[in-house]
Amino acid sequence: MNRIIYDSREIDLSKVSMDDIPGGADAFELAAKFCYGIAVDLTATNISGLRCAAEYLEMTEDLEEGNLIFKTEAFLSYVVLSSWRDSILVLKSCEKLSPWAENLQIVRRCSESIAWKACANPKGIRWQYTGKPMKASSPSWNETKDSSPSRSPVPPDWWYEDVSILRIDHFVRVITAIKVKGMRFELVGAAITHYATKSLPGLIKEGNSGGSEEGGSSGGGMVGSGNWKGGLHMIVSGNKDDHSSTTQTRDQRMIIESLISIIPPQKDSVSCSFLLRLLRMANMLKVAPALVTELEKRVGMQFEQATLADLLIPCYNKMETMYDVDLVQRLLEHFLVQEQMEMSSPGRQSMSEKLMYEGIQRSNNSNAKMRVARLVDSYLTEVSRDKNLSLTKFQVLAEALPESARSCDDGLYRAIDSYLKAHPTLSEHERKRLCRVMDCQKLSMDACMHAAQNERLPLRVVVQVLFSEQVKISNAIASSTVKETGDSHYQPMVQNRKTLLEGTPQSFQEGWAAAKKDINTLKFELETVKTKYLELQHEMDNLQRQFDKVPKPKQQSAWSSGWKKLSKITKISTMENNDAGSQSNVAQARKTPRRWRNSIS
């Protein structure tokens, strides 16, 4: 204070302003009482502010032995850090003391203390003092305070609720210290999930589950530090305070980015559903692209655990489609890359161990791909109703998985039919291109019957479906008549045709009978057309042979034929004139003979 007065260089200085003192007026009042010898009650709620204020006021041992810095440090080391409850409270109170609490190592020491106690045996620890009212099946704080741990065992997640009230940067420090101490990754992942559920109410569909039951907050924004319950509430549309909305969006973005960075790298440390919900909010809040890519890779590691509801992520950046199909395409690519890496992961192992590992891994990968194939087919069925979904995107996503991933293409056929229904203006070529992603031989009896009567499918696809089903039925009937051979693993599909028909539902039998009748009719018509064609071909050959036997006339020039026609005309006219001359002999006496002139004209 002497230095502040000296630096002000004011003659009549009646007021000294110390607005930047850590801990505020309360900490300064406690420090002043200590200077005047008034007893000061040190508690977990005021020790951090008082320790920072003592540092600010330079109350060191150089001025007097047993000064305030020494006493507050002793209380921190011997009282606070030995208690789970006090460590949580002190770390919580450090949120208003940055950067003093960081520079004085209060945050680091409290984080280390919490980490040690979370990893140690929780016997005797007063756990979940900050949580909600306990369930009837769980012991309450008062019961565990004096009871024996053997009679009331503490669950492994006893510390989740306590650390969930911390600010995100302090929570990250605690989780990092816990991971260093060697806690199981699934417990760390569960703690991260619990914290995200409380801090990001928009992460779960059930609504805001944390922060609203306890009193002390009347608004929808950030609550004060004294009664902050760890929840960053989503801003309701139409809030008048735009600055508050921007601040909370920034805080939520920081929480998501911090949580992504501390998720354990091991597979199944957190659920795939949690990762996808986190990815949805990350895209909505425009989290850093590098962290989004890292989160997408994490989803790809356990993509077979995803559900359709979690995959329906809206497209926030572009308005082309309703759902982000490109995102699902990237997730599927990460899954396939991860599967390929796992197949080539065994390192230095013996040949027998490597073969055993490859066999188990191949079986697991096959099952995972089949689950992913069913998931992708369901996703395609859902997004196919979007009129803005292009045929190329649909086709690329449907063909991303290998053919071996689908043992049955019923789900893919359902998606194709839904796409054709939502896009009736597709050309014939586009419909054929769309149906090319489906294997007609992998359709079930029910799907075949539906496809045979589906007017939206190209005719060629319908014929392929009917033909493949006829082939399967024929093979099944043929295999039933083959006698058992020496090959022990060979077993016919059915014993006889009657058994095959009895094992088929009545509706399928009736539908197949109608389809078979249509096939036989088409075959008969085709044979009739072929017979008529052969008859016409035979008649044409006969006509051709007869035509070849007729002698061909000599070819004459146009001039010769013209002169012949003229000569014939001349002869005819001469004969007519002669007849006329014989009839006129009676009148020659009276008349002079008439001279006729023959001319071409």
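Along the sequence shown, residues carry numbers from 1. Owing to the predicted nature of the structure, the values given are computational and were not obtained by experimental measurement.
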Can we say Asp310 and Arg280 salt-bridge, meaning some charged N sits less than 4.0 Å from an Asp/Glu carboxylate O?
no

Looking only at side chains, do Tyr316 and Asp324 share a donor and an acceptor under 3.5 Å apart?
no

I need the Ile69 CD1 to Glu61 CD distance, nearest 0.5 Å.
8.0 Å

Just by distance, with hydrogens left out, do Glu304 and Asn367 show a side-chain donor and acceptor under 3.5 Å apart?
no

Can you tell me how far OG of Ser258 sits from CG of Asp169, rounded to the nearest 0.5 angstrom?
8.0 Å

Partner set under salt bridge (Lys or Arg N to Asp or Glu O under 4.0 Å) for Arg253, not counting sequence neighbours
none

Which residue pairs pass the salt bridge (Lys or Arg N to Asp or Glu O under 4.0 Å) test when at least one of the two sits in residues 178-187, sequence neighbours left out?
Glu112-Lys181, Arg184-Glu186

Who are the ring-ring contact (aromatic ring centres under 6.0 Å, His included) partners of Phe185, not counting sequence neighbours?
none

Non-neighbouring partners of Thr43 that pass side chain to side chain contact (heavy atoms under 4.5 Å, CB included), sequence neighbours left out:
Asp41, Thr45, Asn46

Distance (rounded to the nearest 0.5 Å) between Cys52 SG and Ile21 CD1:
10.0 Å

Just how far is it from atom CH2 of Trp116 to atom OG of Ser87, taken to the nearest 0.5 Å?
14.0 Å

Which residues satisfy the ring-ring contact (aromatic ring centres under 6.0 Å, His included) test with Phe171, sequence neighbours excluded?
Tyr195

Using atom types as modelled and distance alone, determine if a side-chain donor or acceptor of Asp386 lies under 3.5 Å from a backbone N or O of Asn388.
yes

Are the ring centres of Trp158 and Trp84 closer than 6.0 Å?
yes

Working for side chain to side chain contact (heavy atoms under 4.5 Å, CB included), residues His170 and Val107
CA-CA 7 Å; His170 295 162; Val107 173; 3.8 Å; yes

Partners meeting side chain to side chain contact (heavy atoms under 4.5 Å, CB included) with Asn103 (sequence neighbours left out)
Pro99

